[in-house]
Amino acid sequence: MNAEIRALWAKSGSRLSAADEAKYQLLLVEWAAAVAAERAEDTGTGEEAGAAGDSPRPPSTGPVLRLTRAA
């Protein structure tokens, strides 16, 4: 996903069209979800958590992802 984000910026000359901006925002959301899934795997809070007899864990929170638009 990082490669797709970089390619989008490279082809745009640092100025995203409306369509590219929408794609960029979608890629950022997908990237953030992938990072969260990796962190859950690394910390053992993924799908395997909550086995029979275990109490469900509250969702982990992390830094807020701020989506900013290039000037």
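Here the structure is a predicted model, which is why all the values come from computation and not from measurement. Just so it is clear, the values below take in all heavy atoms, side chains as well, and ignore hydrogens, waters and symmetry mates.
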Inset, instruction - Kindly compute the distance separating OH (Tyr24) from CG (Leu8), expressed to the nearest 0.5 Å. - result: 8.5 Å
Legend entry - From Glu21 atom CD to Ser12 atom OG, the distance as rounded to the nearest 0.5 Å: 10.0 Å
Legend entry - Distance in Å, Arg39 CZ paired with Thr43 OG1, rounded so as to fall on 0.5 Å steps: 9.5 Å
Inset, instruction - Applying salt bridge (Lys or Arg N to Asp or Glu O under 4.0 Å), run through Asp20 and Lys11 and close with a yes or a no. - result: CA-CA 10 Å; Asp20 286 343; Lys11 88 167 187 152; 3.6 Å; yes
Legend entry - Gap between atom CD of Glu30 and atom CD of Gln25 - 0.5 Å precision: 12.0 Å
Inset, instruction - Measure the spacing between CD of Glu4 and CG of Leu26 and express it to the nearest 0.5 Å. - result: 9.5 Å
